[in-house]
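Inspection log for the structure reproduced underneath, given as structure tokens.
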Amino acid sequence: MLRQSLNFKLSQKLSPQQIQLMKLIQLPTQAFEQRVKQELEENPALDDSKDSLDDDYDEFSNQDEYGDENDTIEADINVDEYLSDDDIPEYRTQANNYSADDDEKSIPYASGTSFTQSLTDQLNTRRLSEQHYGIAQFLVGSIDNSGYIRRSMEDIADDLAFTMNIYTDVLEVEQVLKVVQQLDPAGVGARDLQECLLIQLSRKRNNESTELAMKLVGESFDAFSKKHYKKILEKYHIDEDELRDAIEEIEHLNPKPGSAYAGGSTRMVEQVVPDFTIRIKDGELELTLNGRNAPELHVSRDYSNMLKGYKEAKEKSKSQKDAVMFIKQKLDGAKWFIEAIKQRQETLFMTMSSIMYYQKEYFLTGDERNLRPMILKDIADEIGMDVSTVSRVANSKYVDTPYGTKLIKEFFSESMTNSDGEEVSTREIKKILETVIGEESKRKPLTDQKLAELLKEKGYPIARRTVAKYREQLDIPVARLRKEI
């Protein structure tokens, strides 16, 4: 039996403009600058000229000069509406949104040649046959950013035949690889960490410590990497001082020789630009928004002049009306973008201001133990915005503080109750855990169970598995790997 019923469902959909605004809010400073640049290129009605708006430009602010505000053309375009709204955007006149003298902060990088080009230049100083030079070039091209060749020699030999018509075998490729491994920086061209360390040790001045280090890496690498020092002492019949000297030799080696190259690289250098700055002035916190988030945009004077010409024309052709429709679309886009930037600035400033005052004790002292438990909803409720909006600000923005540049989301953490019934931040617990591990005896590091017992004694009753989780989040290895002789 079929039944018919009527159900009401309430749903909320974001408009395309709201979606675009959310995307703008999420962008960090550098990506936002690129987005503004893209909009300027795509919309000729948007202008970023820094010239002051002169008297001729101000005339468009007077609606009455061109007649009735409701005077419209057949396409229902109110020309006066577009001619009257080209004053300086309000967001440019608001104080405390950004620092007027906020210069562009950038880190200079040496231009130089790329890592790959540097290796190729070194190859050119070697005497190699045409075939060996071709193989060497291919090997250099296979080196990754860390300085390693991760592919097998069999795969490289096959690729040389297919892509370069160089027919060779594994033995010949390995022979040429030895030449590549003689290039600088030392360790480049290694196939794994063990080989990388051995290459570097072979170039060091020969002494007892270096010889022992070579044995440890070459013969007992597994035991050494797992810090089974007792087995090593027994195997090589050495004392702890000799072992310590050999370990020191190894610790001074570079496990990623490619990253040490300072003359430029084929990889992109990521540069963090703080979106906010917090400073302490006369004992009070002061927040500023990076000036690069406040571009000086306004509607193009040329486009306003086009509308003025249309307004004054006695006869209006179809082509003119079509042109005005195009101008209207571009002006709509320009006005929306300017307004969206204003809303973005207000949202960013309001959100960060709320976070700053919520974590006031931390920003005044720099002590992570003063970080209050704080979740996204705490800030969202305080500023009357959606949790997703706060998340977009927190996940992609950085703030320059007196204690360094921080990712904003690092200030958020869950809470737990200590033995006194007080809510404490998990960040506070991690800081205490880090301190306890830092003060432990390195000859006998504390296990996770022992760490849990010590934290409980300090008033933080957490389980061993939670200690293990926090330790891993802090990038601290297990007790066995923290052991020193």
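Values below: every heavy atom of this structure, side chains too, minus hydrogens, waters and symmetry copies.
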**Asked** Are R191 and Y148 in a cation-pi setup, meaning NZ or CZ lies under 6.0 angstrom from the ring centre and within 45 degrees of the ring axis?
**Response** no
**Message:** Check whether Y358 forms a cation-pi arrangement with R372 (NZ or CZ under 6.0 Å from the six-membered ring centre, at most 45° off the ring normal).
**Reply:** yes
Counting neighbours of [atom1] on [X] that are heavy atoms of other residues, nucleotides or ligands and sit closer than 6.0 Å, is the number greater than 12?
{"X": "K235", "atom1": "NZ", "value": "yes"}
{"X": "K442", "atom1": "NZ", "value": "yes"}
{"X": "K450", "atom1": "NZ", "value": "no"}
{"X": "K406", "atom1": "NZ", "value": "yes"}
{"X": "K227", "atom1": "NZ", "value": "yes"}
{"X": "E208", "atom1": "CD", "value": "no"}

State, to 0.1 Å, how close [X] and [Y] come at their nearest heavy-atom pair, and which atoms those are.
{"X": "Q359", "Y": "N370", "answer": "OE1-O, 4.2 Å"}
{"X": "A334", "Y": "A45", "answer": "CB-O, 3.8 Å"}
{"X": "L119", "Y": "L183", "answer": "O-CD1, 3.8 Å"}
{"X": "L123", "Y": "Q137", "answer": "CD1-N, 3.9 Å"}
{"X": "G189", "Y": "I149", "answer": "O-CD1, 4.0 Å"}
{"X": "R471", "Y": "L433", "answer": "N-CD2, 3.9 Å"}

Does [Y] offer a backbone N or O that forms a donor-acceptor pair with the side chain of [X] under 3.5 Å?
{"X": "Q131", "Y": "Y167", "value": "yes"}
{"X": "R150", "Y": "I143", "value": "no"}
{"X": "K397", "Y": "Q26", "value": "yes"}
{"X": "S220", "Y": "A223", "value": "no"}
{"X": "T125", "Y": "D121", "value": "no"}
{"X": "N395", "Y": "S391", "value": "yes"}
{"X": "E249", "Y": "T210", "value": "no"}
{"X": "S354", "Y": "M350", "value": "no"}
{"X": "N290", "Y": "N293", "value": "no"}
{"X": "Q194", "Y": "V217", "value": "yes"}

**Sidechain N-carboxylate O distance under 4.0 Å for R292, E33** = yes
**Asked** Is the shortest distance from a Lys or Arg side-chain nitrogen in D155 or R151 to a carboxylate oxygen in the other one below 4.0 Å?
**Response**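 No.
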Pairwise side-chain contact, [X] with [Y], heavy-atom cut-off 4.5 Å (strictly under):
{"X": "E211", "Y": "N206", "result": "yes"}
{"X": "F32", "Y": "P295", "result": "yes"}
{"X": "F337", "Y": "R35", "result": "yes"}
{"X": "Y236", "Y": "L216", "result": "yes"}
{"X": "F221", "Y": "L193", "result": "yes"}
{"X": "R392", "Y": "L27", "result": "no"}
{"X": "V173", "Y": "L160", "result": "yes"}
{"X": "D184", "Y": "V188", "result": "no"}

With sequence neighbours left out, what residues match [X] under side chain to side chain donor-acceptor pair (under 3.5 Å)?
{"X": "D169", "answer": "none"}
{"X": "Q122", "answer": "none"}
{"X": "R464", "answer": "none"}
{"X": "T466", "answer": "none"}

**Request:** Please round to the nearest 0.5 Å and tell me the distance separating atom CD1 of I166 and atom OH of Y133.
**Result:**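 Interatomic distance, I166 CD1 to Y133 OH, rounded to 0.5 Å: 11.5 Å.
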**Item:** Separation between CD1 of I199 and NZ of K204, rounded to the nearest 0.5 Å
**Value:**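 One gets 14.5 Å once the value is rounded to the nearest 0.5 Å.
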**Asked** Given Q38 and E42, is the side chain to side chain donor-acceptor pair (under 3.5 Å) satisfied, shown in steps?
**Response** CA-CA 6 Å; Q38 178 188 350; E42 294 177 355; 3.1 Å; yes
**Asked** Can you name the residues that form a side chain to side chain contact (heavy atoms under 4.5 Å, CB included) with S225, not counting sequence neighbours?
**Response**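 Testing S225 for side chain to side chain contact (heavy atoms under 4.5 Å, CB included), a comparison that skips the adjacent residues, returns D222.
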**Request:** Hey, could you give me each pair passing salt bridge (charged side-chain N to carboxylate O under 4.0 Å, His left out) that has a residue in residues 124-136? Not counting sequence neighbours.
**Result:** none
**Message:** If you apply the rule salt bridge (Lys or Arg N to Asp or Glu O under 4.0 Å), what do you find for E251 with R244, and how did you get there?
**Reply:** CA-CA 10 Å; E251 286 178 343; R244 189 179 293 108; over 6 Å; no
**Asked** Between Y362 and F411, what is the ring plane arrangement, given parallel below 30°, perpendicular above 60°, and tilted in between?
**Response**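 Answer is tilted, since the angle falls between 30° and 60°.
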